[in-house]
Amino acid sequence: MRLSRYFLPILRETPKEAEIVSHRLMLRAGMVRQESAGIYAWLPLGLRVLERVCRVIREEQERSGAVELLMPTVQSAELWRESGRYDAYGKEMLRLKDRHEREMLYGPTAEEMITEIFRASARSYKDLPKNLYQISWKFRDEVRPRFGTMRSREFLMKDGYSFDFDQAGARHAYNRVFVSYLRTFAGLGLKAIPMRADTGPIGGDLSHEFIILAQTGESEVFLDRAYLDFEIPAATVDFEDVAGLQGIVDSWTSHYAATDEIHDAAAFAEVPEASRMSARGIEVGHIFYFGTKYSEPMGAVVTGPDGIERPVHMGSYGIGPSRLVAAIIEASHDEAGIIWPDAVAPFDVALINLKTGDAGTDGACAEIQAQLESGGLSVLYDDRDERPGGKFATADLIGLPWQVIVGPKGLAEGKVELKRRATGERETLAPLDLLARIK
Ligand code: ATP
Ligand code: MG
Ligand code: MG
Ligand code: MG
């Protein structure tokens, strides 16, 4: 991609309305633009990151046995009356009327709709287990939308739902997601710690929030430091192995970790003092087991081996990709800008032409771009007619993992410069060696 043809509205000034660094950097780097309070347009660079975050999520969902579908964002109030949540949900729900005066809503979550879809076809315990997920826009009329896409009103959510015949099956489903979330957040370059959580308006009795430690986090958290060194389950983990998964979950829940909502000071006091840690955290994922809370009132039943119908046991599992984009920046930036982890970088390489208009340099850049792209790397080529200083600043700001710097002086010796954004390390090498060095 040539930068001269791309759409990258960089802001020179630091936006005054942005209180936290990720919000400032997302605005400055031309990733998003606010269209109304808490409602953002995702500009091309931001969209690429969002899509890469979703790709990591999808990979781990599929690995754990979940199946993707896509439900409508606009839902009927009738459905929510069946569960009793239409009146209970309150002002966070955006309520609409269609031309026939029918009450509709923009989904803040989708337990009712997935239960409706499930009950329409499931008949027997043999149809179970199932885990269905979607990645789609949600709307919650937050009292205080703030921090950019960290707490917006319209936001992207991966929401998954599991259906099992009994509690033991549902526990296994819960554990599958628990382990897949550990892998997902690690795959995004983040250290997320599962913490025991309140079940809130969704209800139920088994729930964990996945929390990233960050000074700008909105929740106060208390944990045993030991978690910081825990190992992430390998890609080869067997999701069918009931006891194996339970073992992983048991070890990841064996120490103290809780948000302020359910913090138990007495239990925390039993953690060895050197291990005790209190910090701020960002909730990036949340999982619930809630049994038959929806299946019972909504009649989502299956017949068991004994021929008797029973409501299915359900759980729901959320991750916020649009919040994650901001959380990743909170965890990975410096004074000059964003530092994208390789897994989510919008492009792999910033190719910087130090002398646009010089035939030799232009030609070399075009060749390097073609060579890197044919090797499977994505390249954002800064071919603009601008001073090198401005190009360096842009490249540092948007934080692509690698910068390839090409100028007539180096080329005269057959060399270009390669800079690693995260460490600032530089080396000179022949253009033909770039691909092998970067990959
Ligand atoms: P919070 O406590 O931050 O309000 P929540 O507990 O209401 O979040 P859940 O219902 O658990 O959120 O939704 C699952 C996930 O969706 C959250 O863990 C978070 O990653 C994401 N999410 C929720 N609300 C927002 C929002 N307003 N903006 C961006 N992401 C959000
Ligand atoms: Mg909320
Ligand atoms: Mg919460
Ligand atoms: Mg939550």
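Any value given below was found using the heavy atoms of this structure, including those in side chains, with hydrogens, waters and symmetry copies removed. As the structure lists them, so they are numbered: ligands from 1, and atoms in each ligand from 1. Position 1 is the first residue of the sequence; numbering continues from there. Since we're looking at a predicted model, the values are computed, not measured.
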Report task. Answer side chain, backbone, both or neither: which part of Thr109 comes under 4.0 Å from ligand 1, heavy atoms only. Result -> neither
Requested in this report: Go through the structure and list residues passing side-chain contact (heavy atoms from CB on, under 4.5 Å) with Arg24, not counting sequence neighbours.
Outcome: Thr14, Ala18, Val21
Query raised in the report: If we ignore angles and hydrogens, is there a donor and acceptor under 3.5 Å between the side chains of Glu330 and Ser22?
Result: yes
Query raised in the report: Which bit of Glu142 gets closer than 4.0 Å to ligand 1, counting heavy atoms only: side chain, backbone, both or neither?
Result: side chain
Query raised in the report: Which option, Arg144, His286, Met157, owns the non-hydrogen atom nearest atom 13 (O) of ligand 1?
Result: Met157
Requested in this report: Measure the acute angle between the ring planes of Phe222 and Phe268, then classify it against the limits of 30° and 60° as parallel, tilted or perpendicular.
Outcome: perpendicular
**Report entry** Nearest neighbour of atom 10 (O) of ligand 1 from the list Arg140, Glu209, Lys158, Arg146, on a heavy-atom basis
**Finding:** Arg140
Report summary line: ligand 1 to Gly320, heavy atom cutoff 4.0 Å, flagged ligand atoms 20 (O), 21 (C)
Report summary line: With sequence neighbours left out, the residues meeting side-chain contact (heavy atoms from CB on, under 4.5 Å) with Ala235 are Arg63, Arg183
Query raised in the report: Residues two or more places apart in sequence or in another chain: which of them pass side-chain contact (heavy atoms from CB on, under 4.5 Å) with Asp250?
Result: Gln246
Report task. Report the protein N/O/S neighbours of the Mg ion (ligand 4) that fall below 2.8 Å; do not count waters. Result -> Glu283 OE2, His286 ND1
Query raised in the report: Gly318 to ligand 1: N or O pair under 3.5 Å?
Result: no
Query - Polar proximity ligand 1 side, Phe288 side, N/O cut 3.5 Å exclusive - result: no
Query - Intermediate values then yes/no, side-chain hydrogen bond (donor to acceptor under 3.5 Å, both in side chains), Arg85 and Tyr294 - result: CA-CA 10 Å; Arg85 275 210 297 181; Tyr294 299 93; 3.3 Å; yes
Query raised in the report: So is there a nitrogen or oxygen of Glu283 less than 3.5 Å from a nitrogen or oxygen in ligand 1?
Result: yes
**Report entry** Nitrogen or oxygen of Ser152 less than 3.5 angstrom from that of ligand 1
**Finding:** yes
**Report entry** No-hydrogen, no-angle side-chain donor-acceptor test under 3.5 Å, Tyr256 and His263
**Finding:** yes
Requested in this report: Take the angle between the ring planes of Tyr125 and Phe165 and call it parallel below 30°, perpendicular above 60°, tilted in between.
Outcome: tilted
